[in-house]
Asker: 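Please see the structure below; I have some questions.
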Protein chains: 2
Amino acid sequence: MQDFSELKQEFIQDYGEGYQHFGLPQLMGRIVGLLLFEGKPLSLDYITQELNVSKGPVSQITRRLRDHNLVQRKWVPGDRKDYYEAAPDIFGKAFVNRISLMKSNLALAQKYQEKIKDLNLDDELANFKINIEDMYAFYEMMIKHYNNFLEEWHSRK
Amino acid sequence: MQDFSELKQEFIQDYGEGYQHFGLPQLMGRIVGLLLFEGKPLSLDYITQELNVSKGPVSQITRRLRDHNLVQRKWVPGDRKDYYEAAPDIFGKAFVNRISLMKSNLALAQKYQEKIKDLNLDDELANFKINIEDMYAFYEMMIKHYNNFLEEWHSRK
DNA sequence: TTGAACGTTTGAAAATTTCCAAACGCTAAC
DNA sequence: GTTAGCGTTTGGAAATTTTCAAACGTTCAA
């Protein structure tokens with residue numbers, strides 16, 4: 001059995017790498033990982049020293065996380081510092097963000113579907129048309145299922 | 001109404017940016033976009049000149065795309081060149097890749113669930129335990145819905 | 001055996017992203 | 001007002017990613 005601090009470091013690192021696999025900054029994942037591990041509001045200074053990074057990046061990334069509703073500020077009475085904690089239902093919130101990405105893919109398909117609707121369909125565009133219709137159908141169905149999932153998730157005990 | 005070449009360029013650009021939003025190389029998206037637009041096997045040289053990039057990156061990225069089953073080689077008799085085309089059901093294939101990413105998240109939750117199972121649950125780890133259990137439940141349910149979607153997608157007319 | 005036509009690999013250049021240190025602005029306490 | 005304690009912004013440094021040009025290996029034709 002490993003000790004507390006090792007466990008924390010390992011989790012933070014794993015979580016950071018997980019974020020990287022999604023094309024997001026590793027530091028973003030490490031911050032979220034730290035917040036999930038501690039499970040209580042943390043000051044910017046604490047995060048800074050815990051992750052061995054300077055204030056600048058932490059400030060910028062916590063803002064980005066707040067913009068995406070994954071992290072929120074917590075007022076601590078009698079303390080001028082800002083405290084941050086993981087948003088309630090952070091996984092659901094992250095998923096909502098993903099849905100909007102999918103919606104922009106659907107919108108892309110829709111855009112080109114409309115563009116070629118009026119065009120003369122010679123052989124060249126015929127294949128493109130099929131692919132775009134496929135894409136549209138795919139994302140439409142996908143978003144439907146995403147919403148199903150979200151609904152079930154939010155209605156769990 | 002815009003002409004054929006403009007439409008192609010715009011689609012390729014949009015598709016490339018779409019890939020970027022997912023944290024993937026823009027060129028990867030532009031290659032996939034070109035393949036979807038043309039809807040027929042294209043040679044490496046053709047892709048190269050069409051996208052204005054040199055052979056190196058195109059060679060590397062088509063390999064990556066083949067590794068992920070999004071693109072496949074097509075044999076053209078009497079021609080020594082390699083031809084590439086979008087894989088059948090490319091959207092479904094891409095989605096399968098995403099499922100395996102989600103599975104690694106589930107595995108992460110599972111890993112830490114097991115690590116802390118035997119540990120003494122003082123107040124510190126209590127919050128972490130809740131978060132990890134939440135994470136596990138979330139990805140478990142998510143993967144179930146993802147598979148539902150894939151099943152419905154594959155069984156569509 | 002040579003040469004030509006390919007795709008791949010590789011080392012370095014270019015571009016982008018990440019990160020830091022320091023300056024800055026704001027607020028609260030004195 | 002001044003000062004101290006914050007978070008944010010910013011210019012540039014560091015690191016990473018992307019891209020290119022060229023060398024390389026392979027295959028096929030002559």
Asker: Could you check whether Phe95(A) and Tyr139(B) have their ring centres less than 6.0 Å apart?
Answerer: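 Ring-ring flag for Tyr139(B)/Phe95(A): false, centres at least 6.0 Å apart.
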Asker: First and last nucleotide of DNA chain C in contact with chain A, 5' to 3', at under 4.0 Å to a heavy atom: what are they?
Answerer: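 Answer, 5' to 3': dT18(C) to dA28(C).
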Asker: Between Asp45(A) and Lys55(A), does at least one N-O distance fall below 4.0 Å, as a salt bridge requires?
Answerer: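 No, Asp45(A) and Lys55(A) are not salt-bridged.
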Asker: Contact list please: residues 13-31 of chain B against DNA chain C, heavy atoms, distance less than 4.0 Å, in numerical order.
Answerer: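 Close to the strand, none.
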Asker: Given 3.5 Å as the limit, does a donor-acceptor pair link the side chain of Asn69(B) with the main chain of Lys93(B), or not?
Answerer: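 It does not hold such a pair.
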Asker: In whole angstrom, give the distance that lies between atom OH of Tyr84(A) and atom P of dC6(D).
Answerer: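 After rounding, the gap between these two atoms is 13 Å.
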Asker: Identify, between Arg64(B) and Arg73(A), the residue whose nearest nucleotide on DNA chain D lies closer to the 5' end.
Answerer: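 The residue mapped nearer the 5' terminus is Arg73(A).
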Asker: Check this for me, if you would: do Asp82(B) and Arg66(B) make a salt bridge, where the nitrogen-to-carboxylate-oxygen distance has to be below 4.0 angstrom?
Answerer: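 Here Asp82(B) does not pair with Arg66(B) in a salt bridge, since their nearest N and O are not under 4.0 Å apart.
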Asker: Between atom CE of Met142(A) and atom CG of Leu150(B), what is the distance when rounded to the nearest 0.5 Å?
Answerer: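 Nearest 0.5 Å value for the CE-CG distance: 9.0 Å.
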Asker: Pick base, sugar-phosphate or nothing for Asn52(B), based on heavy-atom distances below 4.0 Å to the nucleic acid.
Answerer: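 Sugar-phosphate contact only.
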Asker: NZ of Lys81(A) versus P of dG7(D): gap in Å, rounded?
Answerer: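 Whole-Å distance recorded here is 7 Å.
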Asker: Salt bridge between Arg73(B) and Glu85(B), side-chain N to carboxylate O under 4.0 Å?
Answerer: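 A salt bridge is absent here (no side-chain N lies under 4.0 Å from a carboxylate O).
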Asker: Please check if atom NZ in Lys103(A) has more than 12 non-hydrogen atoms from other residues, nucleotides or ligands closer than 6.0 Å.
Answerer: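 Counting other residues, nucleotides and ligands, NZ of Lys103(A) stays at 12 neighbours or fewer.
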Asker: Round to the nearest Å and state the distance from Ile47(B) atom CD1 to dT19(D) atom P.
Answerer: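 So the two atoms are 14 Å apart, to the nearest Å.
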Asker: Looking at every non-hydrogen atom in both residues, tell me the closest pair between Phe91(B) and Phe138(A) and how far apart they are.
Answerer: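 Smallest interatomic distance, heavy atoms only, reads O-CZ, 3.4 Å.
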Asker: Write down the distance between CD (Gln49(A)) and P (dG7(D)), rounded to a whole number of angstrom.
Answerer: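 The answer, rounded to whole Å, is 12 Å.
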Asker: Looking at DNA chain C, which of residues 53-62 of chain B put a heavy atom within less than 4.0 Å of it?
Answerer: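 Nucleic-acid contacts, sorted: Lys55(B), Gly56(B), Ser59(B), Gln60(B).
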Asker: Check whether the side chains of Asn105(A) and His21(B) place a donor and an acceptor atom closer than 3.5 Å, and report yes or no.
Answerer: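 No - no donor-acceptor pair under 3.5 Å links their side chains.
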Asker: Are Lys144(B) and Glu140(B) ion-paired here, with the side-chain N under 4.0 Å from a carboxylate O?
Answerer: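 Glu140(B) and Lys144(B): not salt-bridged.
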Asker: Starting from P on dT19(D), measure out to CG on Leu44(B) and report it in whole angstrom.
Answerer: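 Going from Leu44(B) (CG) to dT19(D) (P), I get 15 Å.
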Asker: Any side-chain donor-acceptor pair under 3.5 Å between Glu17(A) and Gln13(A)?
Answerer: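 Yes.
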Asker: Write down the distance between CZ (Arg63(A)) and P (dG7(D)), rounded to a whole number of angstrom.
Answerer: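 For the pair Arg63(A) CZ and dG7(D) P, the rounded distance is 14 Å.
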